[in-house]
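Worksheet: one structure, shown below.
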Amino acid sequence: MSQFDVDLFCIGAGSGGTRAARIAAGYGAKVAIAEEFRIGGTCVIRGCVPKKLYVYASRFADDFADAAGYGWSIPKPEFNWAKLKSNKEAEITRLSGIYRANLAKAGVVIHEERAVVTGAHSVQLASGKQITAKTILIATGGAPARMQGLTGVEHALTSDQIFDMTQFPARLAIVGAGYIAVEFASLFVRLGAKVSLMLRGDNILRGFDESMREGLRQELQHAGVDLKFGIVPTHVSKTDAGLKLALSDGSTLDVDQLLVATGRKPHTHGLGLESAGVTLDSDGAVKVDGYSRTNVPSIYAVGDVTNRINLTPVAIREGHAFADTLFGGKDVRVDHTNVASAVFTTPEIGTVGLTEAQAREKFPLLNIFESNFRPMKSTLSGNVERTLMKIIVDAATDKVVGVHIMGHEAGEMAQLLGIAVKMGATKADFDATMAVHPTAAEELVTMRSVSRQVIR
Ligand code: NAP
């Protein structure tokens with residue numbers, strides 16, 4: 001008979017927490033999980049999933065426009081925001097139900113209320129109930145960061161609220177230039193909004209390969225996004241017609257909504273972690289080792305709350321590895337290298353491995369293969385969209401150390417390229433692979449001449 005109520009108590013039923021709970025329960029552990037909002041977490045409820053559904057919705061605008069060149073004539077399409085919202089809601093409710101059912105099927109006890117840590121082996125639910133646990137897993141994710149220096153910010157939205165705006169924003173301002181800012185700019189401009197994107201720097205997507213940043217900047221501008229470089233809002237006030245933004249260059253902008261997308265921060269505030277002696281870093285992230293273990297031996301953390309790589313599949317892998325190691329008798333550390341990812345703008349960016357700037361730091365000589373072309377679909381439609389591909393090769397070993405794509409379904413391509421790069425494929429391996437014709441991806445195995453050599 002254990003001295004604890006449960007073997008594992010997970011706080012947070014998002015991607016990382018639910019995976020850890022289910023796998024641990026599958027190994028026979030007695031598991032409970034608490035969730036204060038909706039089962040499924042950020043990804044399912046107000047992140048990746050609804051975002052991708054809205055991206056699909058937005059791309060019909062391109063398809064309708066492209067159709068004419070292919071012989072179609074269609075009446076002027078009309079978009080219904082309320083319908084998209086309610087269909088999205090039905091889908092995320094369905095998915096949340098599946099998450100709940102899978103947890104229950106695995107034997108996990110679900111507490112749909114907030115839980116906080118009260119000691120190395122204890123948590124307290126909002127209802128006051130105390131539960132003791134041999135191990136506690138913190139999987140509370142992240143939350144939108146509050147933008148410093150913006151007064152009247154309470155009138156603005158975060159990505160948590162933008163999905164469910166009552167009215168479609170005919171004039172939408174966005175501040176930020178990361179994943180969230182560019183994805184929403186790209187999708188709302190296609191849904192018919194007049195979008196202004198304000199960024200403090202001189203280009204979008206800091207940290208991404210420069211060629212992709214530049215390519216996507218041009219695509220956003222072609223799509224009609226008004227990019228305001230080096231300009232941020234400083235004050236938001238409510239007017240009869242919407243919001244008035246005072247901008248850092250002294251001008252003003254009248255809009256219906258302002259989305260603040262200036263990053264997310266680990267969701268640790270008020271969780272009781274400091275009182276249990278868990279070390280946090282200066283951003284409030286839980287510090288963990290390669291096994292997701294904190295400095296308190298009975299407390300672990302996975303996913304965005306640890307601020308390692310803040311992506312759903314990484315959280316899932318971390319949760320799974322934690323459960324395998326602690327309850328499955330295996331020794332699993334998560335390898336955080338060569339994680340493929342995508343930005344779901346139109347066109348998308350898909351990427352795996354090092355950017356050219358990162359590769360330059362690491363290798364003395366690089367061979368860069370680049371391609372910039374008009375996708376076949378655009379030939380008859382007249383669409384101006386370009387596709388960019390870049391393969392970065394360590395000249396000494398011929399190993400492909402980074403691949404970056406901007407184009408239709410670049411995310412799908414990045415997923416498969418992730419396998420090749422993870423396996424250590426060389427450029428010769430790419431060249432030995434027969435093309436699939438006619439596809440855009442065939443360019444990845446047919447680029448023969450080095451575009452540039454980069455010497456450190
Ligand atoms: P992010 O990618 O960290 O980007 C934050 C952006 O906000 C940057 O452009 C930054 O500008 C800007 N910023 C920060 N403070 C600012 C300030 N005071 N004034 C003006 N601009 C400011 O954050 P995010 O877009 O909010 O996304 C959050 C996380 O969600 C990301 O880490 C990502 O992993 C995840 N996510 C992933 C996906 C996907 O995989 N497709 C989609 C959405 C979200 P600088 O560049 O100048 O610093």
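For this chain, numbers begin at 1 and follow the sequence in order. Remember, it's 1-based here, ligands and their atoms both numbered in the order they're listed.
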Within 45° of the axis and under 6.0 Å from the centre of the six-membered ring of Tyr291, does NZ or CZ of Arg333 qualify? yes
Do any N/O atoms on Gln148 end up under 3.5 angstrom from N/O atoms on ligand 1?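 No; the residue has no nitrogen or oxygen that sits under 3.5 Å from a nitrogen or oxygen of the ligand.
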So, is Ala177 polar-close to ligand 1, with some N/O to N/O distance under 3.5 Å?
->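 So ligand 1 has an N or O lying under 3.5 Å from an N or O of Ala177.
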Of the protein's non-hydrogen atoms, which lies at the shortest distance from [atom], and what is that distance?
atom                    : answer
atom 17 (C) of ligand 1 : Arg200 NH1, 3.5 Å
atom 31 (C) of ligand 1 : Tyr179 CD1, 3.9 Å
atom 19 (N) of ligand 1 : Met147 CE, 3.7 Å
atom 45 (P) of ligand 1 : Arg206 NE, 3.4 Å
atom 42 (C) of ligand 1 : Glu183 OE1, 3.2 Å

*Should Ala261 be listed as contacting ligand 1, given a heavy-atom distance under 4.0 Å as the test?*
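A heavy atom of Ala261 does come that close to ligand 1.
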At a 4.0 Å cut-off, with the gap strictly under it, does some heavy atom of Met198 reach an atom of ligand 1? no
Within the 3.5 Å criterion, strictly below it, is a donor on [X] or [Y] matched to an acceptor on the partner's side chain?
X      : Y      : value
Ser186 : Arg190 : yes
Asp304 : Asn307 : no
Ser251 : Asp249 : yes
Glu318 : His336 : yes
Glu183 : Thr345 : no

Ligand 1 atoms in contact with [X] (distance to a heavy atom under 4.0 Å):
X      : result
Lys51  : 41 (N), 42 (C)
Gly178 : 2 (O), 4 (O), 6 (C), 8 (C), 9 (O), 25 (O)
Arg264 : 28 (C), 29 (C), 30 (O)
Ala342 : 39 (C), 40 (O), 41 (N)

Honestly, for Leu311 the part within reach of ligand 1 (heavy atoms, under 4.0 Å) is side chain
> Who's closest to atom 25 (O) of ligand 1 heavy-atom-wise, of Ile180, Asn310, Thr262, Val232?
Replying inline: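 Checking each option, the heavy atom nearest atom 25 (O) of ligand 1 is found in Ile180.
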Closest to atom 23 (O) of ligand 1 by heavy-atom distance, out of Pro144, Gly176, Gly263, Gly47, is Gly263
- Item | Residues, nucleotides or ligands: over 12 heavy atoms within 6.0 Å of Lys52 NZ | yes
| query | What is the ring orientation for Phe168 with Phe188, classed by angle as parallel under 30°, tilted 30 to 60°, or perpendicular over 60°? | reply | tilted
Check: Is the Tyr179 ring parallel, tilted or perpendicular to the Phe208 ring (thresholds 30°, 60°)?
Finding: perpendicular
### Ring centroid separation Tyr56 to Phe344 under 6.0 Å
no
